[in-house]
Amino acid sequence: AEVLEAEQEAAAITLRRRSTIRDRLLDAEDRDELVRITPIEGGARTGTVAAVGADHVVLNAGNTDVYVTLTHIAIIESVSR
């Protein structure tokens, strides 16, 4: 059982390394995860991922939807609730 868990963890790490920003955001949307996105220009935004388009993400930050172009994202972080 421990070997299987170690193999699954290694596979998950490899998958994360190959994931694109869009893939990471789709995962966060599926999990209703709170994320902090920092664009290249600065000014981090925190919210849940409401939608992921081909070239943008929509964060729901309270009563406001924030649209961020994927090519402008420098950092994505998970945030504890």
Side-chain angles (χ1 to χ4, degrees):
E2 288 182 36
V3 171
L4 179 59
E5 288 178 20
E7 288 176 353
Q8 289 173 337
E9 179 64 22
I13 289 169
T14 300
L15 181 61
R16 281 193 299 271
R17 288 180 182 158
R18 293 182 184 161
S19 296
T20 64
I21 288 174
R22 187 171 184 276
D23 293 336
R24 173 67 183 91
L25 291 166
L26 287 167
D27 289 344
E29 180 184 22
D30 290 344
R31 291 190 300 266
D32 194 35
E33 183 178 351
L34 188 64
V35 297
R36 178 180 301 117
I37 292 178
T38 305
I40 296 167
E41 305 85 18
R45 302 290 189 152
T46 302
T48 56
V49 178
V52 180
D55 63 351
H56 69 282
V57 61
V58 181
L59 283 186
N60 183 280
N63 294 330
T64 305
D65 285 341
V66 178
Y67 292 72
V68 181
T69 305
L70 297 180
T71 56
H72 289 177
I73 296 174
I75 301 169
I76 301 171
E77 302 170 278
S78 296
V79 179
S80 298
R81 291 184 190 237

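Source: prediction; values computed, not measured.
In this structure, CZ on R36 lies 12.5 Å from CD1 on I76, to the nearest 0.5 angstrom. Taking OG1 of T38 as the reference point, atom CD of E77 lies at 5.5 Å (rounded to 0.5 Å). Distance check: L59 CG to D65 CG gives 9.0 Å after rounding to the nearest 0.5 Å. Note that CG of L4 is 12.0 Å distant from CD of E9, once rounded to the nearest 0.5 Å. Taken from CG in L25 to NE2 in H56, the straight-line distance is 11.0 Å, to the nearest 0.5 Å.
Across all non-hydrogen atoms, the minimal contact from P39 to G43 is CD-O, 3.6 Å. Between A61 and V66, the shortest heavy-atom distance links the atoms CB-CG2, 4.5 Å. The shortest non-hydrogen separation linking V49 to A28 is CG2-CB, 4.0 Å. What you find for G53 and L70 is that their closest heavy atoms are O-CD1, 4.2 Å. When all heavy atoms of L34 and S80 are compared, the closest pair comes out as CD2-O, 4.0 Å.
With sequence neighbours excluded, no residue satisfies side-chain hydrogen bond (donor to acceptor under 3.5 Å, both in side chains) with R45.
Donor-acceptor pairing under 3.5 Å is recorded for the side chains of S78 and R24.
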Checklist entry - What do the steps show when you test E29 against R22 for salt bridge (Lys or Arg N to Asp or Glu O under 4.0 Å), and what is the final call? => result CA-CA 10 Å; E29 180 184 22; R22 187 171 184 276; over 6 Å; no
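Checking side-chain atoms of T20 against main-chain N and O of D23 turns up a donor-acceptor pair under 3.5 Å.
Criterion: ILVMFWY side-chain heavy atoms under 4.5 Å apart, direct or through other members. Under it, I73 and V58 are not part of a common hydrophobic cluster. Both I21 and V57 sit in one connected hydrophobic cluster of ILVMFWY residues. Membership requires side-chain heavy atoms under 4.5 Å apart, directly or through other members.
Counting heavy atoms from C-beta on, the side chains of V35 and T46 never come closer than 4.5 Å.
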